[in-house]
Protein chains: 2
Amino acid sequence: MKKELYQMHADMCKVFSNCVRLEILNLLREGELTVSKLVDKSGLTQVNISQHLSIMKSKGMVTSKRKGLNIYYKLSNPKIIKAFDIIREVLSERLTENKKLLGK
Amino acid sequence: MKKELYQMHADMCKVFSNCVRLEILNLLREGELTVSKLVDKSGLTQVNISQHLSIMKSKGMVTSKRKGLNIYYKLSNPKIIKAFDIIREVLSERLTENKKLLGK
DNA sequence: TAAATATATTCGAATATTCTAATATATATG
DNA sequence: CATATATATTAGAATATTCGAATATATTTA
């Protein structure tokens with residue numbers, strides 16, 4: 001398999017490597033939201049949310065459309081949430097194992 | 001959902017955000033391999049492979065066992081490859097779309 | 001067109017990641 | 001025990017990421 005493809009893959013995965021972006025992706029799971037809704041729901045600053053949305057848009061993970069003053073963002077591909085959930089499962093299973101080990 | 005969980009999730013995803021680690025994970029897809037096998041198959045240096053294996057071990061993505069001089073590494077959870085593959089699909093679909101756009 | 005609202009961009013300091021060079025450790029074997 | 005082999009660790013320069021402060025832009029409405 002080509003190194004170049006691994007690099008593109010890694011670049012796409014960098015989106016998942018930040019907790020703000022993960023929170024945004026998770027908030028977009030049910031459908032599109034405006035920037036201000038994302039700000040409200042996350043409690044993060046508008047600037048920070050916009051910065052991360054910009055990164056995710058450039059990586060092709062989200063798309064946006066303007067309606068008046070608002071801009072709606074949504075996931076570009078529903079598989080993104082599948083990936084999110086599988087990694088959550090790996091994490092959960094790991095945490096469960098750690099608990100078991102502590103219980104012994 | 002808790003911020004702390006997003007952080008742990010992001011930390012786990014950092015494993016996927018590097019092309020060397022992705023290559024290692026992909027090489028381990030069929031089963032365990034020694035460090036030197038990974039070096040041979042990837043063409044990367046031993047030191048670099050060991051560094052990345054160490055990172056992945058600390059994040060709980062791989063486990064290892066020694067047999068004589070060799071140390072065998074394997075994926076800690078088969079879901080890791082599912083996540084790998086889903087992200088590859090998102091990437092492929094994105095590349096296909098880009099091609100279409102160029103073709104127009 | 002001026003003001004209000006929603007969103008984006010730029011800059012820079014703090015922090016984190018990556019690779020290479022050098023070296024260390026663990027195990028097996030003569 | 002000395003040597004060879006396999007693997008791990010450390011240090012540090014180069015590079016990348018992150019966030020907040022300040023500011024800019026786009027759209028609507030009075």
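Lettering follows sequence order; numbering is per chain, from 1.
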Trainee: Round to the nearest Å and state the distance from Ile49(A) atom CD1 to dT18(D) atom C1'.
Mentor: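 Roughly 14 Å, once rounded to whole Å.
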
Trainee: Got a sec: does the NZ of Lys59(B) have more than 12 other heavy atoms crowding it under 6.0 Å?
Mentor: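 Yes.
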
Trainee: Checking salt bridge (charged side-chain N to carboxylate O under 4.0 Å, His left out) for the pair Asp11(B)/Lys14(B): CA distance, chi angles, key distance, verdict?
Mentor: CA-CA 5 Å; Asp11(B) 284 342; Lys14(B) 281 197 182 124; 3.4 Å; yes

Trainee: Taking five pairs at each end of the helix from dT1(C)-dA30(D) to dG30(C)-dC1(D), what angle separates the two helix axes (nearest 10°)?
Mentor: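 Taking the rotation axis at each end, their angle is 10°.
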
Trainee: Between Glu32(A) and Lys65(A), does at least one N-O distance fall below 4.0 Å, as a salt bridge requires?
Mentor: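 Judged by the 4.0 Å cut-off on N to carboxylate O distance, Glu32(A) and Lys65(A) do form a salt bridge.
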
Trainee: By nearest nucleotide on DNA chain C, pick out whichever of Ser50(A) and Gly68(B) is the more 5' one.
Mentor: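 Nearest nucleotide further toward 5': that of Ser50(A).
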
Trainee: What nucleic acid atoms does Tyr73(A) come within less than 4.0 Å of, heavy atoms only: base, sugar-phosphate, or nothing?
Mentor: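 Sugar-phosphate: the residue Tyr73(A), judged by heavy atoms under 4.0 Å, touches backbone atoms but no base.
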
Trainee: Please tell me whether Thr63(B) and Lys57(B) have a donor and an acceptor in their side chains that are separated by less than 3.5 angstrom.
Mentor: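 There is no such pair between these side chains.
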
Trainee: Stepwise, does the side chain to side chain contact (heavy atoms under 4.5 Å, CB included) test hold for Val62(A) with Val15(A)?
Mentor: CA-CA 11 Å; Val62(A) 298; Val15(A) 168; over 6 Å; no

Trainee: Report yes if a side-chain nitrogen or oxygen of Asn70(A) is closer than 4.0 Å to either non-bridging phosphate oxygen (OP1 or OP2) of dT5(C); otherwise report no.
Mentor: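 Negative; the distance criterion is not met.
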
Trainee: Return the value, rounded to whole Å, for the distance between atom CD1 of Ile24(A) and atom C1' of dA8(C).
Mentor: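 The distance from CD1 of Ile24(A) to C1' of dA8(C) comes to 14 Å, rounded to the nearest Å.
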
Trainee: Is the side chain of Thr34(A) donor-acceptor paired with the backbone N or O of Ile71(A) at a distance under 3.5 Å, no angle test?
Mentor: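 No: the side chain of Thr34(A) does not pair with the backbone of Ile71(A).
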
Trainee: Compare side-chain N and O positions of Ser36(B) against OP1 and OP2 of dT7(D) and report whether any pair is under 4.0 Å apart.
Mentor: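 Yes.
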
Trainee: What does the B/S/- profile of nucleotides 14-23 of chain C look like, 5' to 3', with a 4.0 Å heavy-atom cutoff to protein?
Mentor: ---SSBBBB-

Trainee: Mind running side-chain hydrogen bond (donor to acceptor under 3.5 Å, both in side chains) on Tyr6(A) and Asn18(B) for me, showing each step along the way?
Mentor: CA-CA 8 Å; Tyr6(A) 284 119; Asn18(B) 173 282; over 6 Å; no

Trainee: Examine distances only and state if a side-chain atom of Ser54(B) and a backbone atom of Ser50(B) form a donor-acceptor pair shorter than 3.5 Å.
Mentor: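 Absent.
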
Trainee: Tell me what Leu69(A) touches on the nucleic acid: a base, only sugar-phosphate, or nothing, going by heavy atoms under 4.0 Å.
Mentor: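 Answer is base: heavy atoms of Leu69(A) come under 4.0 Å of a base.
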
Trainee: Whole angstroms only, please: what is the CD1-C1' distance between Ile71(B) and dT27(C)?
Mentor: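 In whole Å, dT27(C) C1' lies 10 Å from Ile71(B) CD1.
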
Trainee: Can you tell me the distance, in whole Å, between the CG atom of Leu53(B) and the P atom of dT7(D)?
Mentor: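 Answer to the nearest Å: 10 Å.
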
Trainee: Looking only at side chains, do Asn48(A) and Gln51(A) share a donor and an acceptor under 3.5 Å apart?
Mentor: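 Short answer, yes.
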
Trainee: Using atom CE of Met56(A) as one end and atom P of dA8(C) as the other, report the distance to the nearest whole Å.
Mentor: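 The answer, rounded to whole Å, is 11 Å.
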
Trainee: Whole Å only: how far is the CG atom of Leu44(B) from the C1' atom of dT7(D)?
Mentor: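 Atom-to-atom, Leu44(B) to dT7(D), this comes out as 16 Å.
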
